[in-house]
Amino acid sequence: MTKGANMTRHLITSAIPYINGIKHLGNLIGSQLPADLFARYQRGRGREVLFLCATDEHGTPAELAAKKAGKPVDEFCAEMHEVQARIAEGFRLSFDHFGRSSSPQNHALTQHFAGKLQENGLIREVSEEQVYSHADGRFLPDRYIEGTCPNCAYDKARGDQCENCTKQLDPTDLLEPRSAISGSTDLEVRETKHLFLRQSTLRDDLDAWINTKTDWPVLTTSIARKWLHDGDGLRDRGITRDLDWGISVKNGDQDWPGMEGKVFYVWFDAPIEYIACAGEWAEAHDLPEADWQRWWRTDKGAEDVTYTQFMGKDNVPFHTIGFPATILGSGEPWKLVDHLKSFNYLNYDGGQFSTSQGRGIFMDQALELLAPDYWRWWLLSHAPESSDAEFTWSSFQQDTNKDLADVLGNFVSRVTKFCRSKFSEALPEGGENGPEEIALIADLQERLGRYQDHMEAIEVRKAAAELRAIWAAGNEYLQETAPWTTFKTDPEKAAVQIRLALNLIPFYATLSAPFIPDAAANMHENMGTSPEWPVDVNAALHALPAGHPFTVPEVLFAKITDESVADWEVRFSGTRD
RNA sequence: GGCGCGGUAGCUCAGUUGGUUAGAGCGAUCGACUCAUAAUCGAUAGGUCGGGAGUUCAAGUCUCCCCCACGCCA
């Protein structure tokens with residue numbers, strides 16, 4: 001690993017998944033998986049990377065999920081964090097640290113930011129009326145109050161809207177209101193105070209900042225501009241809630257008079273976890289504070305850091321407006337995002353994946369069916385970059401069988417087995433490159449350049465297509481030169497051909513590792529090689545000399561059978577739990 | 001209802017600042033090969049680029065109107 005002083009360091013974060021359950025494949029391809037692809041690629045190029053992710057643990061849904069599970073919320077979150085961490089490992093997500101938004105670091109940092117914002121005059125107090133439930137011992141958000149609609153008499157209308165007649169409601173409009181949590185009718189309206197972040201005064205700063213991002217996708221900037229300019233423009237945002245579970249409202253390390261018993265809103269503290277997570281990473285590795293600050297503070301060494309965020313499109317406003325407002329408002333030199341890669345949604349067989357409805361394939365289930373490389377390859381090569389994409393079982397089967405088993409896996413198989421049967425389990429000797437070899441090398445040099453360009457630009461689908469073409473080039477070369485024929489008349493020429501083909505295996509392994517890390521590791525192991533990013537393709541394809549031993553690998557990718565697919569289609573046609 | 005993103009070969013999608021015969025992968029058809037996971041390689045496929053009008057020497061690529069799908073919002 002080189003760490004050249006002139007080289008960019010890459011800070012990479014994936015949107016942090018919420019704690020209340022296991023995520024589905026749509027969530028995976030929307031942030032964590034492409035972030036991992038980019039992190040692995042940059043590491044592969046020898047660049048210094050800090051790749052962070054965490055669980056987002058605060059808020060009402062976590063409390064309710066814990067209650068449903070019959071566990072204290074902190075215990076529930078700790079368990080779910082472990083579950084998500086194990087699944088992330090299962091998909092080979094190579095986080096340098098998988099943190100928790102409930103960490104002490106995030107508590108301290110969130111309170112620090114709130115204090116700075118207050119100091120800079122960007123916080124105001126607002127009095128609101130909210131419904132308090134005696135039985136639940138808590139304030140109820142609008143969605144957690146049910147009652148009879150005064151408009152249509154529907155008896156399950158929610159505090160914000162009646163689903164039956166669509167009329168907008170205030171909780172106080174409901175007849176016979178009750179708690180959606182306990183059903184209790186022992187409710188009262190109380191006045192409560194909350195802190196608002198005065199984002200409106202930061203609008204011009206945010207607008208100017210967004211305008212510098214000319215290389216961002218339209219999807220991203222249009223969402224940000226909408227929030228900045230639509231209607232009355234950017235609105236101030238409540239950053240506190242009347243809950244127990246969360247980060248206590250404090251002004252730095254001082255108490256905040258009037259805010260006792262309140263916590264910060266989950267959307268305020270969650271993005272700050274991106275920073276806090278670096279602190280958790282440092283602590284986990286016994287590193288001093290300076291080691292994580294050099295990633296995040298431009299006054300402490302982060303000038304050469306490129307920061308890239310990955311997220312689904314629903315998260316764009318919070319990353320282009322909410323979080324930057326916190327950072328800009330603090331007046332401190334924290335790193336702002338440089339590249340923001342957002343994804344559309346992946347649909348499942350004509351509908352949406354849905355966590356709440358249990359529709360689609362969830363990450364734990366996917367790993368029970370197949371090794372992670374299958375999912376990684378299909379999801380990444382179909383990443384919903386320009387518009388929503390669709391998962392169907394037949395496409396999944398067809399594409400993975402063709403690309404992984406037939407094009408790549410079979411290439412490795414045919415080359416190693418041919419060499420073993422005609423020569424030995426070592427690279428054969430003799431001969432020199434002819435025009436076909438020179439042409440292949442030149443072609444691959446060009447393709448390598450294109451592949452790198454797409455990876456640098458995080459054009460995931462295009463990178464996958466180029467990688468596939470690089471695999472196919474090996475098959476084209478074999479078909480054209482036909483070593484099985486040349487062997488009969490000119491064994492030395494066949495030796496040249498098969499030596500080159502065998503050298504392609506580690507070359508492919510290194511380039512493919514960001515997409516299919518397990519298969520890449522297998523390929524290297526069988527060839528007795530280790531990953532080294534190719535610069536000069538000619539040199540890379542002569543790295544293994546004649547006489548270098550190898551092992552014929554087991555089938556790299558077994559095909560997905562029609563029977564399996566038929567079985568899975570049925571099994572996943574309904575909903576989970 | 002308002003706003004946003006889309007509507008390109010059977011399927012999944014590419015198509016920079018408008019410019020020669022609109023591209024790729026898969027599927028399909030035909031052919032080649034036999035080293036290999038019945039794998040591979042090559043060739044072929046005539047899609048009015050959602051519909052209409054306009055700007056222009058020239059529009060899938062700009063403007064306006066309409067239709068359809070999806071999403072967000074009040």
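Residue numbers begin at 1 in each chain, while the letters A, B, ... track the order of the sequences.
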S.K.: Scan Lys422(A) against the nucleic acid and name what it touches under 4.0 Å (heavy atoms): base, sugar-phosphate only, or nothing.
M.R.: nothing
S.K.: On a whole-Å scale, what distance lies between the C1' atoms belonging to C11(B) and U56(B)?
M.R.: 36 Å
S.K.: Determine, using ring centers only, whether His194(A) and Phe139(A) are less than 6.0 Å apart.
M.R.: no
S.K.: For Trp378(A) and C26(B), what is the distance between atoms CH2 and C1' respectively, to the nearest whole Å?
M.R.: 13 Å
S.K.: Which atom pairs link the protein and nucleotides 22-24 of chain B when you take only N or O atoms and keep those under 3.5 Å?
M.R.:
none

S.K.: In this structure, how many angstroms lie between the P atom of A43(B) and the CD atom of Gln479(A), rounded?
M.R.: 13 Å
S.K.: Of the nucleotides U40(B), C26(B), C33(B), which has the atom closest to the Trp484(A) side chain?
M.R.: C33(B)
S.K.: Within the 4.0 Å heavy-atom criterion, would you say Ala469(A) contacts the bases, only the backbone, or no part of the nucleic acid?
M.R.: nothing
S.K.: Taking A22(B) as the reference, what is the distance to U44(B) when you measure between their P atoms (whole Å, please)?
M.R.: 15 Å
S.K.: Can you find an N or O donor on one side and an acceptor on the other, under 3.5 Å apart, linking the side chain of Asp406(A) with the base of A39(B)?
M.R.: no
S.K.: Remember a base hit wins even if backbone is also touched, and classify Leu478(A) as base, sugar-phosphate or nothing at under 4.0 Å, heavy atoms.
M.R.: nothing
S.K.: With no hydrogens and no angle check, is any side-chain donor or acceptor of Gln397(A) less than 3.5 Å from a backbone partner on Val565(A)?
M.R.: no
S.K.: Hey, which sits more toward the 5' end of RNA chain B by its nearest nucleotide, Tyr345(A) or Val555(A)?
M.R.: Val555(A)
S.K.: Kindly point out which of G15(B), C26(B), U37(B) is positioned nearest to the side chain of Asn410(A)?
M.R.: U37(B)
S.K.: I'd like the P distance from A59(B) over to A45(B), given in whole Å.
M.R.: 26 Å
S.K.: Rounded to the nearest Å, what distance is computed from the CG atom of residue Leu404(A) to the P atom of nucleotide C26(B)?
M.R.: 14 Å
S.K.: Taking 4.0 Å as the cut-off, does a side-chain nitrogen or oxygen of Lys402(A) come that near to OP1 or OP2 on U40(B)?
M.R.: yes
S.K.: Please determine, for G25(B), whether a Watson-Crick or G-U wobble partner exists with both distances under 3.5 Å, and give it or none.
M.R.: C11(B)
S.K.: Between Ser413(A) and Glu480(A), which is nearer to the 5' end of RNA chain B once each is assigned its nearest nucleotide?
M.R.: Ser413(A)
S.K.: In plain terms, say whether Glu466(A) and Lys462(A) are close enough for a salt bridge, that is, a side-chain N and a carboxylate O under 4.0 Å apart.
M.R.: no
S.K.: Could you check whether Phe557(A) gets within reach of a base, just the sugar-phosphate, or nothing at all, counting any heavy atom under 4.0 Å?
M.R.: base
S.K.: Yes or no on ring pair (Phe, Tyr, Trp, His ring centres under 6.0 Å) for Trp377(A) and Trp471(A), after CA distance, side-chain angles and deciding distance?
M.R.: CA-CA 14 Å; Trp377(A) 174 254; Trp471(A) 296 339; 4.9 Å; yes
S.K.: Out of U37(B), G15(B), G27(B), which nucleotide sits closest to the side chain of Gln398(A)?
M.R.: G27(B)
S.K.: Write down the partner of A32(B) under the Watson-Crick or G-U wobble criteria, each distance required to be under 3.5 Å.
M.R.: U40(B)
S.K.: What's the closest nucleotide to the side chain of Lys417(A) if the choices are C26(B), U37(B), C35(B)?
M.R.: U37(B)
S.K.: What's the gap between A24(B) and G47(B) when it is taken at their P atoms, as a whole Å value?
M.R.: 15 Å
S.K.: G46(B) and U21(B): how far apart are their C1' atoms, nearest whole angstrom?
M.R.: 12 Å
S.K.: Quick test of your reading of the model: are Arg92(A) and Asp36(A) salt-bridged, counting only N-O distances below 4.0 Å?
M.R.: no
S.K.: Look at the side-chain N and O atoms of Lys559(A) and state whether any lies under 4.0 Å from the OP1 or OP2 oxygen of A39(B).
M.R.: yes
S.K.: For Phe318(A) and Trp267(A), what are the C-alpha separation, side-chain angles and deciding distance, and is it a ring pair (Phe, Tyr, Trp, His ring centres under 6.0 Å)?
M.R.: CA-CA 8 Å; Phe318(A) 300 103; Trp267(A) 266 113; 3.7 Å; yes
S.K.: With sugar-phosphate meaning primed atoms plus P, OP1 and OP2, does Ala465(A) contact a base, only sugar-phosphate, or nothing at under 4.0 Å between heavy atoms?
M.R.: nothing
S.K.: How far, in whole Å, is U40(B) from A36(B) if one measures between their C1' atoms?
M.R.: 8 Å
S.K.: Does Glu368(A) have more than 12 heavy atoms from other residues, nucleotides or ligands lying within 6.0 Å of its CD?
M.R.: yes
S.K.: Charged N to carboxylate O under 4.0 angstrom, Asp406(A) versus Lys559(A)?
M.R.: yes
S.K.: Do Lys493(A) and Glu437(A) meet the salt-bridge criterion of a basic N to acidic O distance under 4.0 Å?
M.R.: no
S.K.: Of the listed nucleotides (C35(B), U40(B), U12(B)), which one gets closest to any side-chain atom of His382(A)?
M.R.: U12(B)
S.K.: If you measure from the C1' atom in G51(B) to the same atom in G6(B), how many Å do you get, rounded?
M.R.: 16 Å
S.K.: Which value, in whole Å, describes the distance between the C1' atoms of nucleotides A53(B) and C67(B)?
M.R.: 15 Å
S.K.: So which nucleotide does C3(B) pair with, by the Watson-Crick or G-U wobble rule with both distances under 3.5 Å?
M.R.: G71(B)
S.K.: Salt bridge check, Glu385(A) against Lys341(A): does any charged N sit closer than 4.0 Å to a carboxylate O?
M.R.: yes
S.K.: In whole angstrom, give the distance that lies between atom CZ of Phe391(A) and atom P of C13(B).
M.R.: 14 Å
S.K.: State the pairing partner of A45(B); accept Watson-Crick or G-U wobble contacts with both distances under 3.5 Å, and report none otherwise.
M.R.: none
S.K.: Tell me which nucleotide, if any, is Watson-Crick or G-U wobble paired with U61(B) when both distances must be under 3.5 Å.
M.R.: none
S.K.: Do the side-chain N or O atoms of Arg414(A) get closer than 4.0 angstrom to the phosphate oxygens (OP1, OP2) of U34(B)?
M.R.: no
